[in-house]
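Written out below as structure tokens is the structure these notes cover.
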Amino acid sequence: MRILMVGFGVVSQSFAELIMNDAKKLDREYGLRPRIVGVVDKNGAVVVPDGIEIPKLLESVRVSGTLRGDGSWEYHEGVSSMDVISDVECEVMVETTPTELFKGEPGLSHIRTALGAGRHVITTNKGPLAVAMPALMELAHHNDVIFKFSGTVGGGTPVLDFAKKCLEGSKIKSISGILNGTSNYILTRMSAEGVAMKDALAEAQKLGYAEADPTYDIGGFDTAGKLVITSNYVLGTSLSIKDVSITGITGVTQEDIKRAASKGNVVKLIGKVGGRTKVSPEEIPKVHPLNVSGTFNAILFETDSAGDITLVGKGAGGRETASSVLRDLIEIRRAFAR
Ligand SMILES: NC(=O)c1ccc[n+]([C@@H]2O[C@H](COP(=O)([O-])OP(=O)(O)OC[C@H]3O[C@@H](n4cnc5c(N)ncnc54)[C@H](OP(=O)(O)O)[C@@H]3O)[C@@H](O)[C@H]2O)c1
């Protein structure tokens, strides 16, 4: 299985480490022998058709912050990712560039090009899916390739495939969830310690949970993107992020938190499909299964025959999200083997 990595940051480096450390197990249990034949980031690329030595790759990024290496491969400085995607022979492209939720770029062009060239694609990047998921699914179908994106919702928690595979035969009536760890951390701190919103945000940024620009997280956009992906994948809708009514947590005050507490409730940022698709701060009872604390994510599937089922897990993290990329790769391998 020849893999081209587009983007080589936190998630991709963890993925490279995972396939390196588990190489024997992957071969023994799944007949999977992944070989990274190309890596491209914003600054350049390395292409080695026989497979790049992963320890050297990780060392290069650690020491120099680039893919330049120690001279054992040719480094193509300044080469464009689109050229690499078109030129490098591979079976699978793993796309992990930064998320942009309104145009979906650069991931959208990367994924379109790879699917169009007959490559299977795995991505953890929500942007292209939030903007153009139905078109991308159609393109994959048309080219007879597999398009997987487990890591886009729930990090390592297998939200999408759980709903799709494990709930077969049940009708899912609604989906609601806490899908953004940063917002949940802030609301948890506001409610547990009486901290003001701006102090809780500063704390989240200091701990590395929130970006310097936290708009996507606290504005509710990240939750909306994940909701679109979940609804389209699980319920077969054709939503884009423009179809979601979005209110973030920026307007939530200590007074709101205290008023909710006086009724035995907590304020949470909830994304919900089933009726109107929306993201907004809502009061839920303290004993509700979605009342998870800190950076945890939770998603509740209301079904007709299996009752309500809630999945709880870490919604992010390099290693956790890399595990979902690996799950997707194993699924592609299985499809190959048929
Ligand atoms: N980290 C998590 O816990 C997590 C969880 C779920 C989903 N995700 C999503 O997964 C994706 C990757 O996350 P991450 O944390 O690994 O991000 P990251 O550490 O910021 O890595 C992004 C990588 O993409 C590269 N890149 C940027 N623009 C590019 C371009 N035009 N062409 C090629 N490469 C480009 C960057 O290169 P430079 O270093 O040269 O800028 C970097 O190597 C994001 O979309 C994120 O939202 C992350």
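When a ligand or atom number is given, it counts from 1 through the structure's own listing order.
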- Task: Kindly confirm or rule out an N or O of Gly317 lying under 3.5 angstrom from an N or O of ligand 1.
- Result: yes
- Just distances here: any N/O of Val10 and N/O of ligand 1 closer than 3.5 Å? yes
- Message: With a sphere of 6.0 Å drawn around NZ of Lys148, does it hold more than 12 non-hydrogen atoms of other residues, nucleotides or ligands?
- Response: yes
- Message: Looking only at protein heavy atoms, which one is nearest to atom 13 (O) of ligand 1, and what is the separation?
- Response: Val11 CG2, 3.8 Å
- Using atom types as modelled and distance alone, determine if a side-chain donor or acceptor of Asn180 lies under 3.5 Å from a backbone N or O of Thr223. no
- Item | Side chain, backbone, both or neither: Glu320 near ligand 1, heavy atoms under 4.0 Å | neither
- Message: With nothing but distance in play, are any N or O atoms of Gly151 less than 3.5 Å from an N or O of ligand 1?
- Response: no
- Task: Any atoms of ligand 1 less than 4.0 Å from a non-hydrogen atom of Lys126? List them with their elements.
- Result: 47 (O)
- Message: Under 4.0 Å from a heavy atom of Pro106: which atoms of ligand 1 are those, numbered in the order shown and with their elements?
- Response: 31 (N)
- Residue, atom name and distance, where the atom is the protein heavy atom closest to atom 7 (C) of ligand 1: Thr124 O, 3.4 Å
- Task: Considering heavy atoms of the protein only, find what lies nearest to atom 22 (C) of ligand 1 and give residue, atom and distance to 0.1 Å.
- Result: Thr96 O, 3.5 Å
- Closest approach of any protein heavy atom to atom 25 (C) of ligand 1, naming residue and atom: Gly7 CA, 3.7 Å
- Using non-hydrogen atoms of the residue, decide whether Gly155 is closer than 4.0 angstrom to ligand 1. no
- Message: Can you tell whether the side chains of Glu29 and Lys25 come within less than 4.0 Å, N to carboxylate O?
- Response: no
- Before accepting this row, confirm whether a basic side-chain N of the pair Asp256/Arg259 lies closer than 4.0 Å to the acidic partner's carboxylate O. yes
- Message: Is there a side chain to side chain donor-acceptor pair (under 3.5 Å) between Asn125 and Thr123? Walk through the geometry before answering.
- Response: CA-CA 5 Å; Asn125 178 352; Thr123 191; 4.9 Å; no
- Message: Are any of the N/O atoms on Pro98, whether in the backbone or the side chain, positioned under 3.5 angstrom from an N/O atom of ligand 1?
- Response: no
- Query: Which part of Thr321 is near ligand 1, with near meaning a heavy atom under 4.0 Å away: side chain, backbone, both or neither?
  - Reply: side chain
- Under the side chain to side chain donor-acceptor pair (under 3.5 Å) test, which residues partner Ser174, sequence neighbours left out? Glu302
- Tell me, with the steps shown, if Leu139 and Phe147 meet side chain to side chain contact (heavy atoms under 4.5 Å, CB included). CA-CA 9 Å; Leu139 186 61; Phe147 178 36; over 6 Å; no
- Message: Using a 4.0 Å cutoff against the non-hydrogen atoms of Ala316, which atoms of ligand 1 qualify?
- Response: 3 (O)
- Query: N/O to N/O below 3.5 Å, does that happen between Thr99 and ligand 1?
  - Reply: yes
- When distances are taken from atom 28 (N) of ligand 1, the protein heavy atom at minimum range is Lys42 CD, 3.5 Å
- What residue and atom, counting heavy atoms only, is the protein's closest point to atom 21 (O) of ligand 1, and at what distance? Gly9 CA, 3.3 Å
- Message: Quick one, Ser240 with Asp243, criterion side chain to side chain contact (heavy atoms under 4.5 Å, CB included). Give me CA distance, side-chain angles, the key distance, then yes/no.
- Response: CA-CA 6 Å; Ser240 89; Asp243 302 310; 3.9 Å; yes
- Message: With a 3.5 Å distance limit and no angle check, can you tell me whether Thr113 reaches the backbone of Ser109 through a side-chain donor-acceptor pair?
- Response: yes
- Item | Heavy-atom protein neighbour under 4.0 angstrom from atom 39 (O) of ligand 1 | no
- Message: Tell me whether Glu95 contacts the main-chain N or O of Gly7 through its side chain, where contact means a donor paired with an acceptor under 3.5 Å.
- Response: no
- Item | Interfacing atoms of ligand 1 (cut-off 4.0 Å, heavy-atom, Phe8) | 23 (C), 42 (C), 43 (O)
- Message: As an exercise, identify every atom of ligand 1 less than 4.0 angstrom from a heavy atom of Asn125.
- Response: 45 (O)
- Query: ligand 1 versus Ser81, non-hydrogen atoms closer than 4.0 Å: side chain, backbone, both, neither?
  - Reply: side chain
- Item | Intermediate values then yes/no, side chain to side chain donor-acceptor pair (under 3.5 Å), Thr124 and Thr321 | CA-CA 8 Å; Thr124 58; Thr321 309; over 6 Å; no
- Establish whether atom 45 (O) of ligand 1 and some protein heavy atom are separated by less than 4.0 angstrom. yes
- Asp144, CG atom: more than 12 neighbouring heavy atoms under 6.0 Å: no
- Query: Excluding sequence neighbours, so at least two apart, what forms ring pair (Phe, Tyr, Trp, His ring centres under 6.0 Å) with Tyr216?
  - Reply: none
- Query: Going by heavy atoms, is His110 under 4.0 Å from ligand 1?
  - Reply: yes
- Task: Determine whether more than 12 heavy atoms belonging to other residues, nucleotides or ligands lie under 6.0 Å from atom NZ of Lys164.
- Result: yes
